[in-house]
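To start, the structure itself, in structure tokens.
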Amino acid sequence: VGSEMCIRDRTNTVSALTDGELITAEGCTSISDVNGNLILYTDGTTIYNAAHAVMENGSNLLGDESSTQSAIAIPKPNDPNIYYVFTVGSNSNPTGLNYYTVDLTFNGGLGKVVGSSTNLVTNCAEKISAVLKDCLTGNIWVIAFSNEAGTSAANMTTFHAFEVSTTGVNTTAVKSTLDFSISDFSGNLKFSPDSSKLASANGTDGLFIADFNASIGEVSNPVFLETQSPSDISYGVEFSPNSQLLYATTYLSSINPDDVNGPPINLSLIHI
């Protein structure tokens, strides 16, 4: 989560951790502190702490490991001890968008989930993303996709953006309703590193890219991209670090994506 203009050091190396406990069918997320130290990771149902143990109160979350993007972890601005874990359900487990608060002052810095979950959207697609609002405040937008009322993952038209600030999570959404509807709940949702674009893969409904106004949390000007044949399913999207390229993956609808060998993947490269 961040804007490229806020990144101060690109020279640090990354060290892989090979002793993690998470096994997931699809979605997962992890987050580290500003020094790159692991804080937590989750599949949307269970949160593991930095010691690779289940975090206190971190079980039975309302996400789903078979959701495309089952969860995302967000730091509370200007508070190194508080993190928020947002989860989304799946087509078979339509729990919507919820969030949990993690407080690292407990258990010797390993943290625990405090309080109960908060529901933000009753039902939504299997996708969630987040992006920095600006460098000055450090506020972050967390966004999900649903119908305008936030009650159905069929005929989805509306992005629901929630702002995370020093006062916590604003539970009142900024809504952006588009002039078309999506009924396929699968596929990834990603922001460009410079916060100006949003890309959404939508299974059999294809892939679109849209403008994002980070100052107000608004999505606009969606454009569908031709990256697949009618028999393909759009699933993965990711922007390049300079926000100039978009990578998109599709797979054949005739192949079971849960097959142990995985489906054949087609990769498209789009210049923004």
Side-chain angles (χ1 to χ4, degrees), residues 1-2 6 14-17 19-90 93 95-121 124 126-133 137-144 160-173 189 191:
V1 178
C6 301
V14 176
S15 300
L17 299 179
D19 53 351
E21 292 294 325
L22 189 147
I23 299 174
T24 183
E26 291 183 77
C28 62
T29 192
S30 64
I31 193 167
S32 301
D33 64 18
V34 294
N35 296 313
N37 301 306
L38 179 66
I39 296 296
L40 62 87
Y41 56 99
T42 179
D43 60 357
T45 63
T46 304
I47 299 176
Y48 296 88
N49 61 29
H52 307 296
V54 177
M55 183 175 287
E56 184 178 351
N57 301 331
S59 299
N60 301 313
L61 276 61
L62 292 172
D64 193 309
E65 66 166 5
S66 190
S67 175
T68 306
Q69 292 169 286
S70 56
I72 194 166
I74 303 297
K76 183 179 181 181
N78 298 324
D79 190 334
N81 292 314
I82 300 296
Y83 289 79
Y84 301 108
V85 175
F86 293 79
T87 66
V88 290
S90 66
N93 183 28
T95 53
L97 173 65
N98 298 272
Y99 81 88
Y100 301 79
T101 302
V102 172
D103 189 336
L104 297 182
T105 63
F106 290 92
N107 296 313
L110 293 175
K112 78 172 184 179
V113 177
V114 295
S116 57
S117 64
T118 299
N119 180 257
L120 298 172
V121 177
C124 61
E126 294 183 354
K127 60 186 83 218
I128 186 172
S129 194
V131 73
L132 191 69
K133 179 181 180 179
T137 65
N139 290 5
I140 297 167
W141 292 107
V142 178
I143 197 165
H160 299 249
F162 299 89
E163 186 173 357
V164 182
S165 70
T166 55
T167 60
V169 179
N170 186 341
T171 59
T172 300
L189 177 67
F191 283 101

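Below, each value reflects all heavy atoms present in this structure, side chains not excepted, and no hydrogens, waters or symmetry copies. All residue numbers in this chain count up from 1 along the given sequence.
The two residues Pro75 and Val164 make their nearest non-hydrogen contact at O-CG1, 4.3 Å. Shown here for Ile82 and Thr101, the closest heavy-atom pair between the two residues is CG2-CG2, 3.9 Å. Nearest heavy atoms, Tyr41 versus Ser30: CB-CB, 3.7 Å. Among all heavy-atom pairs drawn from Val88 and Glu126, the shortest one is CG2-C, 4.3 Å. Smallest separation of non-hydrogen atoms from Asp64 and Asn93: OD2-CB, 3.1 Å. Pairing each heavy atom of Glu65 with each of Ile23, the nearest pair is OE1-O, 3.5 Å.
The ring-ring contact (aromatic ring centres under 6.0 Å, His included) contacts involving residues 57-77 comprise nothing, where partners must be two or more places apart or lie in separate chains.
Remark: the backbone N or O of Leu189 is paired with a side-chain donor or acceptor of Gln69 at under 3.5 angstrom. Under the 3.5 Å distance criterion, the side-chain polar atoms of Ser67 are matched with a main-chain donor or acceptor of Gly89. Distance alone, capped at 3.5 Å, places no donor-acceptor pair between the Tyr100 side chain and the Gly58 backbone.
Between the side chains of Ser66 and Glu26, at least one donor N or O lies within less than 3.5 Å of an accepting N or O.
With values rounded to the nearest 0.5 angstrom, Asn81 atom CG is found 6.0 Å from Leu104 atom CG. To the nearest 0.5 angstrom, Trp141 atom CH2 is 10.0 Å from Ser165 atom OG. With rounding to the nearest 0.5 Å, the separation of CD1 in Ile47 from CG in Asn60 is 11.5 Å. Rounding to the nearest 0.5 angstrom, the gap separating the CG atom in Asp43 from the OG1 atom in Thr24 is 5.0 Å.
For the side-chain contact (heavy atoms from CB on, under 4.5 Å) test with Val114, the passing option among Asn57, Val102, Asp103 is Asp103; the others fail. Tested against Tyr99, the residues Val85, Leu120, Val142 include a single side-chain contact (heavy atoms from CB on, under 4.5 Å) partner, Leu120.
Partners of Glu163 according to the salt bridge (Lys or Arg N to Asp or Glu O under 4.0 Å) rule, which considers only residues two or more places apart in sequence or in another chain, are Lys133.
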